[in-house]
**Student:** 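Okay, here's the structure, questions in a sec.
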Amino acid sequence: MAEHRHKRSLSEPEARVKALEELLVGKGLIDPATIDAVIDYYENKVGPRNGASVVARAWVDPGYKARLMEDASAAIAELGYSGAEGENMIVVENTEGVHNMVVCTLCSCYPWPVLGLPPVWYKAGPYRSRAVIEPRGVLEEFGVELAGDVEVRVWDSSAEVRYLVLPQQPAESDGKSEDELAAMVTRDGMIGTALV
Amino acid sequence: MAEHRHKRSLSEPEARVKALEELLVGKGLIDPATIDAVIDYYENKVGPRNGASVVARAWVDPGYKARLMEDASAAIAELGYSGAEGENMIVVENTEGVHNMVVCTLCSCYPWPVLGLPPVWYKAGPYRSRAVIEPRGVLEEFGVELAGDVEVRVWDSSAEVRYLVLPQQPAESDGKSEDELAAMVTRDGMIGTALV
Amino acid sequence: MNSIHDMGGMHNFGPVNPELNEPIFHAPWEKRAFGLWLLCYDVMNFSEDESRGGVEHTPPDEYLSANYYERVLGLLERIGVEKGTLTDAEIEAVQAGTWKAPANVTLSNDATRPGEVEPAMQEGGTKYRPDFATPALFSVGDTIVTKNINPVTHTRLPRYARAKRGEIVMDHGPYVFPDVNALCQGEDPKRLYCVRFEAHELWGADTPARDCVYLDLFEPYLERA
Amino acid sequence: MNSIHDMGGMHNFGPVNPELNEPIFHAPWEKRAFGLWLLCYDVMNFSEDESRGGVEHTPPDEYLSANYYERVLGLLERIGVEKGTLTDAEIEAVQAGTWKAPANVTLSNDATRPGEVEPAMQEGGTKYRPDFATPALFSVGDTIVTKNINPVTHTRLPRYARAKRGEIVMDHGPYVFPDVNALCQGEDPKRLYCVRFEAHELWGADTPARDCVYLDLFEPYLERA
């Protein structure tokens with residue numbers, strides 16, 4: 001667009017973020033060590049392993065699964081996961097006849113306490129634009145081919161309630177331990193762009 | 001978007017256009033003097049003065065105006081204007097109660113034989129996005145304030161039929177010659193973003 | 001195709017900012033791109049509908065960051081390769097300065113000569129096809145509803161006017177149908193109507209009651225209300 | 001706001017291209033931007049709804065050319081000035097290397113300490129407001145039609161789901177209403193429903209009959225069908 005709107009000339013993001021931090025620290029508003037702590041929390045303490053342990057527990061413990069489907073936030077908190085960007089959770093279960101898939105078309109809402117921060121593709125145009133209008137095409141790109149009689153449910157996630165997909169337990173996993181099951185569960189399986 | 005799609009690395013447009021011309025001329029497909037002739041035609045032989053003479057004629061000659069409203073393409077051809085991107089014309093008339101304004105939201109269709117090539121703003125996002133949803137806001141930016149009881153008709157122009165606005169003749173122009181009237185008519189008046 | 005070219009009704013693009021005393025072209029390369037474009041319709045053998053469909057394929061980020069003539073350049077590079085007039089290798093070679101024009105080439109007999117430009121432009125090429133007149137499904141005054149279609153290919157039914165009620169105000173007769181012609185599947189002429197939509201139908205109850213939008217829409221886009 | 005952030009149903013963005021072994025952050029500056037963002041909610045005193053509304057104001061060309069954390073940076077620069085935490089002059093000065101921090105500044109007592117991060121993140125901040133329960137206008141199983149609204153301000157009713165019929169499948173109870181809260185006009189809690197839309201209602205008859213989209217929508221977006 002040949003627009004001539006007044007806007008701040010954008011220097012490189014490195015310089016801009018450094019400038020912002022220098023200002024806010026220099027004014028005594030932010031402790032840089034607290035920035036480190038935020039980064040550490042989301043790099044090292046939350047991530048899809050949290051969600052995987054929820055899924056594995058649901059697979060091995062029918063009582064837990066019932067509580068998870070009834071009140072996901074409380075059942076997830078039982079395992080110690082809770083908080084920002086996942087205060088109000090709902091779990092949707094894949095079955096023989098139903099495949100669930102989560103997107104946020106308007107921004108990139110995602111259940112941080114159980115999945116950590118979303119991958120770049122979840123936040124980018126291709127996935128956000130296409131998941132609601134051609135979910136099967138997107139799933140094919142992820143290697144997921146569903147029979148025509150499977151109902152695809154796309155959850156265009158809002159900010160208020162966050163969705164986690166409970167994948168179907170693979171038949172060949174019978175008899176594995178909860179830890180072994182958790183290791184089989186992928187992040188994409190809990191977004192709904194993989195089967196497990 | 002952090003996309004990693006394969007696409008041609010875009011050198012500067014000057015280099016790209018030079019490369020394209022070199023290839024097509026080198027293959028004997030295009031005569032560079034013909035490119036000059038195309039540019040000359042649209043820089044010097046068509047433009048809003050054509051449309052202005054149509055408007056002025058309609059103001060002074062009721063018979064011409066009647067033909068223009070009935071079959072604009074034929075009436076415009078009477079004055080010698082015709083051809084590419086204006087083969088099928090319709091003229092819409094502003095009145096006390098109706099203001100017309102032309103846009104092409106999908107690309108930038110425009111009546112070349114009577115107005116020449118469109119200005120950058122006609123082809124750019126702000127006008128194309130806003131003209132249909134907030135025409136009065138756009139008109140205000142052009143300095144046109146309409147009474148609330150005036151009906152604003154926005155013509156989202158297709159490729160097939162091109163629209164020209166016939167502005168109301170200003171009251172103070174009575175008695176002027178056809179040439180003087182034509183000199184009063186602006187390009188924006190014939191797009192509908194000015195009153196005359 | 002629901003790409004970024006379908007801008008009607010979007011917000012946040014900022015003010016229109018018309019340029020005072022705007023030149024027809026803003027750089028010499030824009031002139032060359034424009035001239036090449038008009039001549040390439042014949043040289044590369046594509047239609048205006050293919051041209052529009054091709055520009056719509058510009059990736060959205062590039063569409064917004066490029067100016068009009070940059071989008072045209074991208075179109076000519078893509079369509080030139082698709083049509084076999086050029087190859088990617090040739091484009092890369094000439095941009096790298098290593099392309100050698102074939103020896104002893106003379107100007108093709110088919111190439112437009114300078115003196116042919118003005119008559120050709122004044123002649124134009126209407127897309128009106130009166131011989132294909134079929135009985136009109138709709139009449140002036142009819143209320144119609146536009147279909148909710150979302151083709152991945154070229155269409156002239158913008159998103160904001162889908163599944164909306166309007167009134168037929170003109171019957172333009174049969175025209176080349178861009179949705180099919182852009183795919184090189186023939187002209188397939190269809191009747192074109194001018195349809196009036198009230199602003200409150202398009203944008204909701206908050207919009208001025210007296211405002212409206214007119215759109216020329218092809219018969220296959222429409223259903224009886 | 002109908003800006004480019006409202007991407008649902010657009011074409012032409014290309015393949016999803018997931019990255020193998022994707023790192024959580026792709027550059028050190030992304031980490032700093034992320035950490036600053038979370039802390040600035042308190043420091044600059046804005047809500048998540050304001051944050052989302054603010055990112056939506058990114059000009060469309062910039063929205064598409066920037067990555068996620070660049071958009072966050074743009075938000076913090078704009079909202080920091082709007083809220084009075086920073087000035088444009090300060091940002092320019094510090095970027096030019098000419099800004100001098102005020103002497104004798106010590107860390108504010110209000111500033112979050114490193115040890116407070118983990119408890120705060122685990123606590124979070126729900127937008128559920130059970131005390132604001134009003135009688136529900138709709139019940140599970142009801143058919144509704146979404147309104148055709150086109151506000152220039154923040155809304156969570158995407159364009160593709162306007163003026164469409166759906167079925168209420170869950171009643172989540174009252175939540176902070178983003179359309180009002182993003183404007184700093186209070187929380188104004190409204191009942192939030194999960195609505196199921198059949199794909200053929202959203203995209204037309206050509207789409208697979210068994211597919212559907214679920215959206216959480218606030219009561220003011222809905223009307224009885």
Side-chain angles (χ1 to χ4, degrees), chain B residues 1 5 7-8 11 13-17 19-24 26-31 33-39 41-43 82-84 86-88 105-107 116-117 119-121 123 125-130 132-133 135-136 138 141 149 151-156 158-161, chain C residues 5-10 13-19 22 24 29 31-33 35-36 38-39 43 48 52 61 68 70 73 76-77 86 90-91 94-95 101 105-108 111-114 117-118 121-124 126-128 156 158 160 172 175 178 192 203 210-216:
Chain B
M1 283 310 112
R5 200 144 26 134
K7 59 185 176 188
R8 196 187 312 288
S11 57
E14 291 90 332
R16 286 166 66 201
V17 76
L20 201 59
E21 182 171 341
E22 184 179 339
L23 272 175
L24 293 166
K27 287 167 174 263
L29 298 170
I30 283 183
D31 178 353
T34 308
I35 302 177
D36 297 336
V38 172
I39 297 165
Y41 185 70
Y42 285 102
E43 280 198 315
S82 66
E87 294 88 348
N88 301 92
T105 60
L106 293 174
C107 45
L117 300 182
V120 166
W121 59 260
K123 299 180 282 186
Y127 187 72
R128 284 168 52 193
S129 62
R130 296 171 56 203
V132 287
I133 193 171
R136 289 172 192 266
V138 170
E141 285 181 22
D149 62 350
E151 176 179 316
V152 176
R153 296 182 179 174
V154 179
W155 300 80
D156 188 357
S158 74
E160 290 70 28
V161 178
Chain C
H5 72 282
D6 188 350
M7 293 179 163
M10 286 185 73
F13 276 96
V16 174
N17 279 343
E19 186 181 356
E22 179 175 342
I24 294 172
W29 72 264
K31 299 186 189 188
R32 304 310 286 178
L36 278 167
L38 292 208
L39 297 176
V43 168
E48 271 189 42
R52 286 196 189 87
D61 55 343
Y68 184 79
E70 287 177 287
L73 260 180
L76 295 180
E77 290 165 349
L86 312 169
E90 286 173 338
I91 294 175
V94 76
Q95 288 184 355
V105 165
T106 55
L107 186 64
S108 161
T112 307
R113 266 51 184 183
V117 167
E118 188 162 330
M121 291 297 125
Q122 286 177 347
E123 169 84 24
T126 180
K127 297 171 74 189
Y128 183 46
R156 297 298 287 186
Y160 76 84
H172 295 308
Y175 276 79
L192 183 68
W203 314 113
R210 300 186 70 86
D211 295 353
C212 56
V213 175
Y214 290 76
L215 266 165
D216 288 333

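Quick note on labels: first sequence line is chain A, next is B, and so on, each numbered from 1. On a predicted model such as this, the values are computed, not experimentally measured, just so you know.
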**Student:** Who among C/Glu123, C/Lys127, C/Glu118 has the most heavy-atom pairs with chain B under 4.5 Å?
**Tutor:** C/Glu118

**Student:** Please name all residues satisfying ring-ring contact (aromatic ring centres under 6.0 Å, His included) with C/Trp203, sequence neighbours left out, ordered by chain then number.
**Tutor:**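 Counting only residues at least two positions away or on another chain, C/Trp203 forms a ring-ring contact (aromatic ring centres under 6.0 Å, His included) with C/Tyr160.
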
**Student:** Between B/Ser82, B/Ala33, B/Gly116, which has the largest tally of heavy atom pairs under 4.5 Å with chain C?
**Tutor:**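 Of B/Ser82, B/Ala33, B/Gly116, B/Ser82 has the most heavy-atom pairs under 4.5 Å with chain C.
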
**Student:** Compare all side-chain heavy atoms of B/Arg136 with those of C/Asp211 and state whether any distance is below 4.5 angstrom.
**Tutor:** yes

**Student:** List for me each residue that meets ring-ring contact (aromatic ring centres under 6.0 Å, His included) alongside B/Tyr42, sequence neighbours excluded, and say none if there are none.
**Tutor:** B/Trp112, C/Phe34

**Student:** Taking C/Glu22 for its side chain and B/Val120 for its backbone only, find out whether a donor-acceptor pair lies under 3.5 Å.
**Tutor:**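 Looks like yes, one N/O pair under 3.5 Å.
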
**Student:** Is it the side chain or the backbone of C/Thr106 that comes within 4.5 Å of chain B heavy atoms, both, or neither?
**Tutor:**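 Only the backbone of C/Thr106 comes within 4.5 Å of chain B.
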
**Student:** Measure the spacing between CD1 of C/Ile91 and CZ of B/Arg16 and express it to the nearest 0.5 Å.
**Tutor:**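 C/Ile91 atom CD1 to B/Arg16 atom CZ measures 9.0 Å (nearest 0.5 Å).
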
**Student:** With a 4.5 angstrom heavy-atom cut-off, is it the side chain or the backbone of B/Val138 that approaches chain C, or both, or neither?
**Tutor:** side chain

**Student:** Only pairs of heavy atoms separated by less than 4.5 Å count here; which of C/Glu48, C/Glu70, C/Gln122, C/Arg113 has the most with chain B?
**Tutor:**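 Maximum pair count with chain B is reached by C/Gln122.
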
**Student:** Is B/Glu160 salt-bridged to C/Arg156, going by a charged N under 4.0 Å from an acidic O?
**Tutor:** no

**Student:** Non-hydrogen atoms of chain B under 4.5 Å away: do they reach the side chain of C/Val43, the backbone, both or neither?
**Tutor:**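 Side chain of C/Val43 only, per the 4.5 Å heavy-atom cut-off to chain B.
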
**Student:** Which value, rounded to the nearest 0.5 Å, describes the distance between C/Leu73 atom CG and B/Glu14 atom CD?
**Tutor:** 10.0 Å

**Student:** Quick one: what part of C/His5 sits under 4.5 Å from any heavy atom of chain B, side chain, backbone, both or neither?
**Tutor:**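 C/His5 touches chain B through backbone and side-chain heavy atoms alike.
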
**Student:** Might you point out which heavy atoms bring B/Arg130 and C/Gly14 nearest each other, and give the distance in Å?
**Tutor:**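 That would be NH1-O, 3.1 Å.
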
**Student:** Which bit of B/Ile30 is near chain C, if near means a heavy-atom gap under 4.5 Å: side chain, backbone, both or neither?
**Tutor:** both

**Student:** Let's go through C/Tyr128 and B/Glu87 carefully: what are the C-alpha distance in whole Å and the side-chain angles of both, what is the deciding distance for side-chain contact (heavy atoms from CB on, under 4.5 Å) to 0.1 Å, and is it a yes or a no?
**Tutor:** CA-CA 9 Å; C/Tyr128 183 46; B/Glu87 294 88 348; over 6 Å; no

**Student:** Nearest 0.5 Å, please: how far is CD1 in B/Ile35 from CZ in C/Arg32?
**Tutor:**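 Here the interatomic distance stands at 4.5 Å.
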
**Student:** Just how far is it from atom CD1 of B/Ile39 to atom CG of C/Leu38, taken to the nearest 0.5 Å?
**Tutor:**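 Result: 9.5 Å between the selected atoms.
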
**Student:** Is there a side-chain contact (heavy atoms from CB on, under 4.5 Å) between B/Asp36 and C/Lys31? Walk through the geometry before answering.
**Tutor:** CA-CA 9 Å; B/Asp36 297 336; C/Lys31 299 186 189 188; over 6 Å; no

**Student:** If I compare all heavy atoms of B/Ala37 with all of C/Pro114, which pair ends up nearest, and what's the gap?
**Tutor:** CB-O, 3.7 Å

**Student:** Counting C-beta onward and ignoring hydrogens, is there a side-chain heavy-atom pair between C/Arg52 and B/Leu106 closer than 4.5 Å?
**Tutor:** no

**Student:** Could you look at B/Glu43 and say if it's the side chain, the backbone, both or neither that has a heavy atom under 4.5 Å from chain C?
**Tutor:** both

**Student:** Given heavy-atom pairs under 4.5 angstrom as the criterion, report whether the side chain, backbone, both or neither of B/Glu151 touches chain C.
**Tutor:** both

**Student:** Could you tell me which non-hydrogen atom of B/Pro126 sits nearest to which non-hydrogen atom of C/Val16, and how far apart they are?
**Tutor:**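 Result for this residue pair: CB-CA, 3.9 Å.
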
**Student:** What option among B/Thr105, B/Asp31, B/Leu24, B/Asp156 has the most heavy-atom pairs under 4.5 Å with chain C?
**Tutor:** B/Asp156

**Student:** Who among B/Leu23, B/Val38, B/Leu117 has the most heavy-atom pairs with chain C under 4.5 Å?
**Tutor:**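 Top option by heavy-atom pairs under 4.5 Å: B/Leu23.
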
**Student:** Would a 4.5 Å heavy-atom cut-off, applied to side chains only, mark B/Leu20 and C/Leu86 as touching?
**Tutor:** yes

**Student:** State, with a plain yes or no, whether a side-chain heavy atom of B/Arg128 is found less than 4.5 Å away from one of C/Met10.
**Tutor:**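 No, every pair of side-chain atoms sits at 4.5 Å or beyond.
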
**Student:** Is C/Glu19 close to B/Pro119 at the side-chain level, that is, under 4.5 Å between some pair of heavy atoms?
**Tutor:** no

**Student:** With chain C, which of B/Ser158, B/Ser129, B/Ala84, B/Gly83 has the greatest number of heavy-atom pairs at distances under 4.5 Å?
**Tutor:** B/Ser129

**Student:** Who among C/Leu107, C/Ile24, C/Leu192, C/Val105 has the most heavy-atom pairs with chain B under 4.5 Å?
**Tutor:**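 Heavy-atom pair counts peak at C/Leu107.
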
